[in-house]
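Structure, as structure tokens:
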Amino acid sequence: MLDALTIAVGVAALALAAWCGFAAYRDQPTKDWHFIGMAVVSVLALAQLVVGIVQMARGERPEQGMTIFIAYLIGSFLAVPAAGFLSLSERTRWGSVTVAAGAVVLAVLEVRLYDIWGN
């Protein structure tokens, strides 16, 4: 895995979590600009998914097994979009809390992906 991309995804996810957490603190639902932030984080996660698949196609293997790595890779790609979709159904501050929680989950998944790959 690319260390810089993993760090970028994790930092962007934590920034999104702080931003949506602040919105929840101010009793605001997710707004359009939050969805733009989710899109940016999702594009970074998609880039990481593509890089992971390409590296495995080139013959590189994660230290702790391909199955668990692929599961974490797919989960990290889906964490923020799933939280964003759920926030659409809850147009209160709890929608912002949901996105913040999804972004924290993504940051944790990034740390785990780094560990599984063996860096």
Side-chain angles (χ1 to χ4, degrees):
M1 292 299 299
L2 298 175
D3 294 343
L5 183 58
T6 303
I7 291 169
V9 175
V11 168
L14 290 175
L16 179 65
W19 188 21
C20 290
F22 184 67
Y25 173 76
R26 292 179 39 199
D27 201 24
Q28 295 178 343
T30 50
K31 308 247 172 136
D32 290 341
W33 54 81
H34 293 119
F35 286 99
I36 293 170
M38 286 182 257
V40 169
V41 172
S42 296
V43 166
L44 287 171
L46 175 63
Q48 186 175 40
L49 176 69
V50 170
V51 166
I53 290 171
V54 166
Q55 284 187 327
M56 287 186 295
R58 289 183 11 206
E60 298 178 40
R61 298 288 181 243
E63 283 185 6
Q64 296 182 18
M66 279 186 54
T67 305
I68 190 94
F69 180 75
I70 292 170
Y72 272 90
L73 200 58
I74 292 169
S76 67
F77 171 66
L78 295 176
V80 171
F85 181 73
L86 287 173
S87 76
L88 286 174
S89 65
E90 183 61 45
R91 300 303 294 171
T92 64
R93 71 184 289 185
W94 296 106
S96 295
V97 170
T98 302
V99 174
V104 169
V105 166
L106 175 58
V108 171
L109 288 173
E110 290 302 310
V111 171
R112 185 68 180 124
L113 275 172
Y114 182 81
D115 186 46
I116 291 169
W117 189 258
N119 289 326

State, to 0.1 Å, how close F35 and S87 come at their nearest heavy-atom pair, and which atoms those are.
-> CZ-OG, 3.6 Å

Are V41 and L2 in one and the same hydrophobic cluster, where Ile, Leu, Val, Met, Phe, Trp and Tyr link if side-chain heavy atoms are under 4.5 Å apart?
-> yes

Where is the tightest heavy-atom contact between S76 and L106, given as atom of each residue plus distance?
-> O-CD1, 3.1 Å

If Ile, Leu, Val, Met, Phe, Trp and Tyr residues are connected whenever their side-chain heavy atoms lie under 4.5 Å apart, and connections chain through other members, are V80 and V11 in the same group?
-> no

Search all heavy atoms of A17 against all heavy atoms of V104 and return the closest pair with its distance.
-> CB-CG2, 3.7 Å

With no hydrogens and no angle check, is any side-chain donor or acceptor of S96 less than 3.5 Å from a backbone partner on T30?
-> yes

Do you know which two heavy atoms are closest between V99 and C20, and how far apart they sit?
-> CG1-SG, 3.5 Å

Can you find a heavy atom in the side chain of V111 that is under 4.5 Å from one in the side chain of D115?
-> no

Run the numbers on V97 and W94 for side chain to side chain contact (heavy atoms under 4.5 Å, CB included), then give the verdict.
-> CA-CA 5 Å; V97 170; W94 296 106; 3.8 Å; yes

Can you tell if the side chain of Q64 reaches within under 4.5 Å of the side chain of W117, non-hydrogen atoms only?
-> no

Give, for atom CD1 of I53 and atom CZ of F69, the distance between the pair rounded to the nearest 0.5 Å.
-> 9.0 Å

E90/T98 under side chain to side chain contact (heavy atoms under 4.5 Å, CB included): CA gap, chis, key distance, verdict | CA-CA 9 Å; E90 183 61 45; T98 302; 5.6 Å; no

Can you hop from L88 to W33 via hydrophobic side chains spaced under 4.5 Å?
-> yes

Is a donor on one side and an acceptor on the other found under 3.5 Å between the side chain of R112 and the backbone of Y72?
-> no

Going hydrophobic residue to hydrophobic residue with side-chain gaps under 4.5 angstrom, can you get from L49 over to M56?
-> yes

State plainly whether one hydrophobic cluster holds both L113 and V105, where clusters connect Ile, Leu, Val, Met, Phe, Trp and Tyr through side-chain heavy atoms under 4.5 angstrom apart.
-> yes

In Å and rounded to the nearest 0.5 Å, what is the CG to OG1 distance from L109 to T6?
-> 12.0 Å

Locate the shortest heavy-atom distance separating Q48 from L73; write the atom from each residue and the value.
-> O-CD1, 4.0 Å

Is a side-chain donor or acceptor of R93 paired with a backbone partner of A24 at a separation under 3.5 angstrom?
-> yes

Dump the intermediate steps for side chain to side chain contact (heavy atoms under 4.5 Å, CB included) on H34 and W19, then the final yes or no.
-> CA-CA 8 Å; H34 293 119; W19 188 21; 3.7 Å; yes

Can you name the nearest heavy-atom pair linking L44 to A8, along with the distance?
-> CD1-O, 4.1 Å

